[in-house]
Amino acid sequence: MGKNKVIVIGGGASGIMAAITAARLGQKVILLERKDRIGKKILATGNGRCNISNRWIERSRFHSDSQNLYDQIYPQFDLSKTLDFFEELGVPILELEEGKLYPYSLQAASVVNVLLYELDRQKVQVMCNEDVVHVDTGQRLVVHTKKNKYYGDYVILAGGGKSTPDLGSNGSGYQIAKKLGMNLIEPYPSLIQLESDYAYLKHLKGTKVMAKVDLVVDEVHLKSAYGELLFTDYGLSGPPILDVSRTAALAIKTHKKNIEIHGDLVPLLNRVELEEMLLKRIERMSYKVLEDFFVGLLPKQMIIPLIKDCGMNPRDKGAQITSKQREMIVNWLKAFRLSITGTRQWNQSQVTAGGVDCREVDATTLTCKKYPNVILCGEILDMDGDCGGFNLQWAWSSGHVAGRSAGKE
């Protein structure tokens with residue numbers, strides 16, 4: 001194959017950004033992608049709308065189990081520079097709920113198309129269906145795929161993590177890094193649904209309720225989130241579950257036994273207000289059987305689980321609710337408890353926690369300390385963000401830094 005100055009492994013967000021940045025600095029760039037097209041994961045982000053970033057970028061929204069690189073990397077290509085980059089490519093930005101930033105078209109395809117156009121304009125050679133096996137280091141680098149060899153002066157590892165392998169990132173980048181002697185923080189899924197063995201999940205399937213969610217491990221509160229909680233036949237989903245899922249997955253990974261979700265299912269009412277509401281309902285609707293008594297207050301699917309968990313009979317009437325049962329009802333609604341038994345599989349996770357130990361790279365340039373002509377960026381590193389555009393911002397920022405490092409003469 002022809003000689004190339006910079007070889008980028010991985011055609012996701014960070015790899016594309018790295019390729020464009022290096023090419024703009026005058027380097028000859030080739031981008032290798034194992035799937036039949038690049039940018040597949042970008043197309044799936046934000047439910048197909050591409051949540052490009054978030055207005056409220058701050059260090060606390062990014063996580064690492066080795067070394068958090070936010071302070072060194074993000075300022076080099078921050079939100080302002082990210083928005084300027086996309087505006088320059090023709091993508092105006094629209095801000096929606098919770099500071100989430102999207103292309104004005106609300107089409108992820110718009111983002112991928114302008115990136116493809118810029119790659120072509122910068123004469124980046126994009127090679128799809130090229131599955132990289134390993135990298136030989138030396139004065140010049142040799143990248144071996146299952147079909148070819150590519151030669152260059154710099155390699156950028158942007159192979160992603162293990163999440164959504166159907167879209168490209170299947171963990172193969174970790175194997176390349178391990179063969180180069182890099183330490184790996186064992187990956188685990190993040191931004192993922194949680195599984196439970198609660199008896200009434202099939203009854204609750206599809207129920208949505210605004211809730212405050214607390215993750216409690218061994219009776220210690222670890223994290224809270226608020227939003228639309230979704231019950232499924234396997235457990236829990238929805239934005240607040242995704243927000244606490246990284247911490248829950250880490251507890252599962254480290255074999256913690258008592259992992260629970262405590263949900264306030266009526267967060268707009270305090271306990272006193274809820275108690276008063278129940279008393280008024282009993283006074284006004286004492287004649288109703290319990291399976292009808294709660295209609296209008298709760299989603300219908302929640303009524304039978306509530307009645308059963310509180311030891312009542314669905315055919316009992318409102319007038320038969322005792323003070324002890326009222327207390328149980330209030331506790332059920334204000335501190336609903338579910339035991340968490342696991343997470344869903346990798347193909348359901350949106351992002352990977354763990355990855356290549358961040359101490360393996362220079363914190364400012366992302367250059368591998370062992371091999372100065374190998375650079376890492378994106379999800380392959382032990383860096384991940386919260387739900388809401390933070391992971392794509394890490395991809396843009398780290399990809400730009402990697403491309404600039406490879407662009408130096």
Side-chain angles (χ1 to χ4, degrees), residues 8-19 31-52 102-103 107-113 115-116 119 126-133 145-147 157-178 184 186-195 230 232-235 237-239 241-242 245-246 249 252-253 342-356 376-385 387-392 394-396 399:
V8 180
I9 300 173
S14 67
I16 292 171
M17 176 61 83
L31 175 60
L32 305 179
E33 167 57 41
R34 61 179 290 269
K35 301 296 283 186
D36 59 354
R37 63 179 297 184
I38 66 173
K40 279 195 168 185
K41 197 168 183 180
I42 299 175
L43 290 171
T45 60
N47 292 320
R49 300 186 301 174
C50 189
N51 189 180
I52 284 176
Y102 298 89
Q107 295 290 320
S110 299
V111 175
V112 173
N113 286 336
L115 291 172
L116 287 170
L119 287 167
V126 177
M127 302 293 293
C128 294
N129 297 307
E130 284 285 24
D131 199 351
V132 176
V133 179
T145 72
K146 290 182 177 179
K147 298 185 292 185
L157 286 179
K162 296 180 69 175
S163 301
T164 54
D166 291 345
L167 301 179
S169 54
N170 65 350
S172 57
Y174 297 143
Q175 301 309 311
I176 297 170
K178 285 177 71 175
L184 194 68
E186 183 185 352
Y188 55 98
S190 183
L191 302 188
I192 191 168
Q193 306 91 339
L194 300 179
E195 296 180 343
L230 171 64
T232 69
D233 57 357
Y234 57 78
S237 186
I241 294 302
L242 297 183
S245 64
R246 184 191 198 277
I252 293 165
K253 173 189 169 187
T343 67
R344 299 298 277 169
Q345 300 301 310
W346 280 108
N347 58 351
Q348 269 88 43
S349 70
Q350 294 182 24
V351 71
T352 303
V356 175
L376 286 77
C377 64
E379 199 176 345
I380 193 172
L381 285 164
D382 174 32
M383 283 285 295
D384 60 281
C387 186
F390 299 97
N391 287 288
L392 268 181
W394 168 247
W396 309 132

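Here, residue 1 is the first one in the sequence, and each next residue gets the next number.
- Between Pro165 and Asn347, the shortest heavy-atom distance links the atoms CD-CA, 3.8 Å.
- The CG atom of Leu191 lies 12.0 Å from the OG1 atom of Thr343; values are rounded to the nearest 0.5 Å.
- When atom types are taken as modelled, the side chain of Asn51 and the backbone of Gly389 share a donor-acceptor pair closer than 3.5 angstrom.
- Residues Cys387 and Leu242 come closest through the heavy atom pair SG-CD1, 4.3 Å.
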Query raised in the report: For Val356 and Leu184, what are the C-alpha separation, side-chain angles and deciding distance, and is it a side chain to side chain contact (heavy atoms under 4.5 Å, CB included)?
Result: CA-CA 4 Å; Val356 175; Leu184 194 68; 4.1 Å; yes

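- Applying the salt bridge (charged side-chain N to carboxylate O under 4.0 Å, His left out) rule to Arg344 yields the partners Glu195; only residues at least two apart in sequence or on another chain are considered.
- Using modelled atom types, no side-chain atom of Gln193 and backbone atom of Gly235 make a donor-acceptor pair closer than 3.5 Å.
- With sequence neighbours left out, the salt bridge (charged side-chain N to carboxylate O under 4.0 Å, His left out) criterion links Lys35 to no other residue.
- Take Lys147 and apply the salt bridge (charged side-chain N to carboxylate O under 4.0 Å, His left out) test, not counting sequence neighbours, and it matches no residue.
- Between Cys377 and Ala18, the shortest heavy-atom distance links the atoms SG-CB, 4.4 Å.
- Using a 4.5 Å cut-off on side-chain heavy atoms (C-beta onward), Val132 and Ser172 make no contact.
- With sequence neighbours excluded, the residues that form a salt bridge (charged side-chain N to carboxylate O under 4.0 Å, His left out) with Asp384 are Arg246.
- Atom OH of Tyr102 and atom CD of Gln107 lie 12.5 Å apart (nearest 0.5 Å).
- With values rounded to the nearest 0.5 angstrom, Ser14 atom OG is found 12.5 Å from Met383 atom CE.
- With a 4.5 Å cut-off on side-chain heavy atoms, Val351 and Phe390 do not count as touching.
- A distance of 7.0 Å separates CH2 of Trp396 from CD1 of Ile16, quoted to the nearest 0.5 Å.
- Applying the side chain to side chain donor-acceptor pair (under 3.5 Å) rule to Ser349 yields the partners Ser163; only residues at least two apart in sequence or on another chain are considered.
- Counting all heavy atoms, side chain and backbone alike, Pro187 lies closest to Tyr174 at CG-CE1, 3.5 Å.
- Residue Asn170 holds its CG atom at 9.5 Å from CD of Gln175, rounded to the nearest 0.5 Å.
- For Asn47, the CG atom sits in a loose shell: 12 or fewer heavy atoms of surrounding residues, nucleotides or ligands are nearer than 6.0 Å.
- In this structure, Ile38 and Leu119 have side chains that are in contact, with non-hydrogen atoms separated by less than 4.5 Å.
- The shortest heavy-atom contact between Val112 and Gly39 is CG2-O, 3.8 Å.
- Side-chain contact check for Ile42 versus Leu115: some heavy-atom pair is nearer than 4.5 Å.
- Rounding to the nearest 0.5 angstrom, the gap separating the CD1 atom in Ile9 from the CG atom in Leu376 is 9.5 Å.
- Remark: Trp394 pairs with no residue by the ring-ring contact (aromatic ring centres under 6.0 Å, His included) rule, at least two apart or across chains.
- Thr164 has its side chain within reach of Lys41: a pair of non-hydrogen atoms, C-beta onward, lies under 4.5 Å apart.
- When all heavy atoms of Ser169 and Gly159 are compared, the closest pair comes out as CB-O, 3.9 Å.
- Put simply, the side chain of Thr352 reaches to within 4.5 Å of the side chain of Trp346, judged on heavy atoms.
- Side chain of Thr145 to backbone of Glu130: no donor-acceptor contact under 3.5 angstrom is found.
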